[in-house]
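Report on the structure given below.
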Amino acid sequence: MSIKFKGVTVRQALPRSLRRAQAYGDVCFLLYGKVVFQMSFLQMFKRGPQAKRPKEVQENVVYVPVEGELIPLGQVEDKAFASGSLGGGCAVRPTDGTVYAPVSGTVKMVFPTGHAVGIVSAAGMDLLIHVGLNTVEMNGKGFHVLVFAGQAVQAGDPLLTFDRAKIREAGYDSTVIMVAGNEKEFPPFQMRPPRTVAAMAEAFSF
């Protein structure tokens, strides 16, 4: 709406140079508003990894934390893990880069380098989810942690993401290992057979 004073609009009363500057400012404002709107609109659809829930969460079941090939712990190319001296469990040769909580519980620790997370399940099981072999040497490059120590999580919540290509380029094995440090406090684990799995398929029960 134009404001008139003695039959002349305020805009008409301005010198031509100022009118030109005002027009330029109006265009800039409109363009700026358009960019901000587009950025805000796109931000609404920019999401991180979404939770993957099992059909039915069972307290005596530990779920596969990442998509890939489920393998026995003994096939891991690391003596400490393969021997079971760090605890019983399983491993996955990943085909995806998102690690999900294999149980409901509380995050016990997050390694500063982002390659491993410890969780205490609702049943009291101490689980370590370790991404790759010797990947601590990467000093966090290619890893992005999504949780913090003390945080409550549900089975299927995203824990961290990792870049398989960067791990491969650095010369390391990207196998994801999951072990229970207090295995002896539970009944013998009933391991599921090796196979190609989706994240949150059953890994083992007790």
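Being a predicted model, the structure only gives us computed values, none of them experimental.
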**Request:** Please test Y100 against Q50 for side-chain contact (heavy atoms from CB on, under 4.5 Å), starting from the C-alpha separation and ending with a verdict.
**Result:** CA-CA 10 Å; Y100 300 89; Q50 301 300 295; over 6 Å; no
Atom [atom1] in [X], atom [atom2] in [Y]: separation rounded to 0.5 Å?
X	Y	atom1	atom2	value
L86	E183	CG	CD	11.5 Å
C90	L70	SG	CG	5.0 Å
H115	I129	NE2	CD1	12.0 Å
Y172	K166	OH	NZ	14.5 Å
L133	D78	CG	CG	5.5 Å
E69	T175	CD	OG1	9.0 Å

**Item:** Taking every non-hydrogen atom, the tightest pair across M191 and G89
**Value:**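 Scanning both residues, the minimum pair turns out to be CE-O, 3.0 Å.
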**Request:** Please report the shortest heavy-atom distance between Y63 and Q58, naming the atom on each side.
**Result:** OH-N, 2.9 Å
**Prompt:** When the ring planes of F204 and F189 are compared, do they come out parallel, tilted or perpendicular, using 30° and 60° as the limits?
**Reply:**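 F204 and F189: parallel rings.
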**Request:** Considering only NZ, NE, NH1 and NH2 on the basic side and carboxylate oxygens on the acidic side, decide whether R168 and D163 come within less than 4.0 Å.
**Result:**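 D163 and R168: not salt-bridged.
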Any donor-acceptor pair under 3.5 Å linking the side chain of [X] with the backbone of [Y]?
X	Y	result
H144	L146	no
Q151	F148	yes
S121	A123	yes

Heavy-atom side-chain contact between [X] and [Y] under 4.5 Å:
X	Y	value
F162	V176	yes
V92	I71	no
L159	V145	no
H130	M178	no
V117	V107	yes

Please determine, by modelled atom types, if [X] and [Y] share a side-chain donor-acceptor pair under 3.5 angstrom.
X	Y	value
R192	S205	yes
T95	E67	yes
E137	N134	no

**Item:** Intermediate values then yes/no, salt bridge (Lys or Arg N to Asp or Glu O under 4.0 Å), R53 and D157
**Value:** CA-CA 8 Å; R53 306 291 184 206; D157 284 346; 2.7 Å; yes
**Request:** Apply side-chain contact (heavy atoms from CB on, under 4.5 Å) to the pair R164 and E169, showing each step before the final yes or no.
**Result:** CA-CA 9 Å; R164 291 184 298 137; E169 289 169 5; over 6 Å; no
**Request:** Walk me through it: do V147 and V153 pass the test side-chain contact (heavy atoms from CB on, under 4.5 Å)?
**Result:** CA-CA 9 Å; V147 293; V153 293; 4.2 Å; yes
**Item:** Full working for side-chain contact (heavy atoms from CB on, under 4.5 Å) between I167 and F143
**Value:** CA-CA 9 Å; I167 293 176; F143 295 91; 3.8 Å; yes
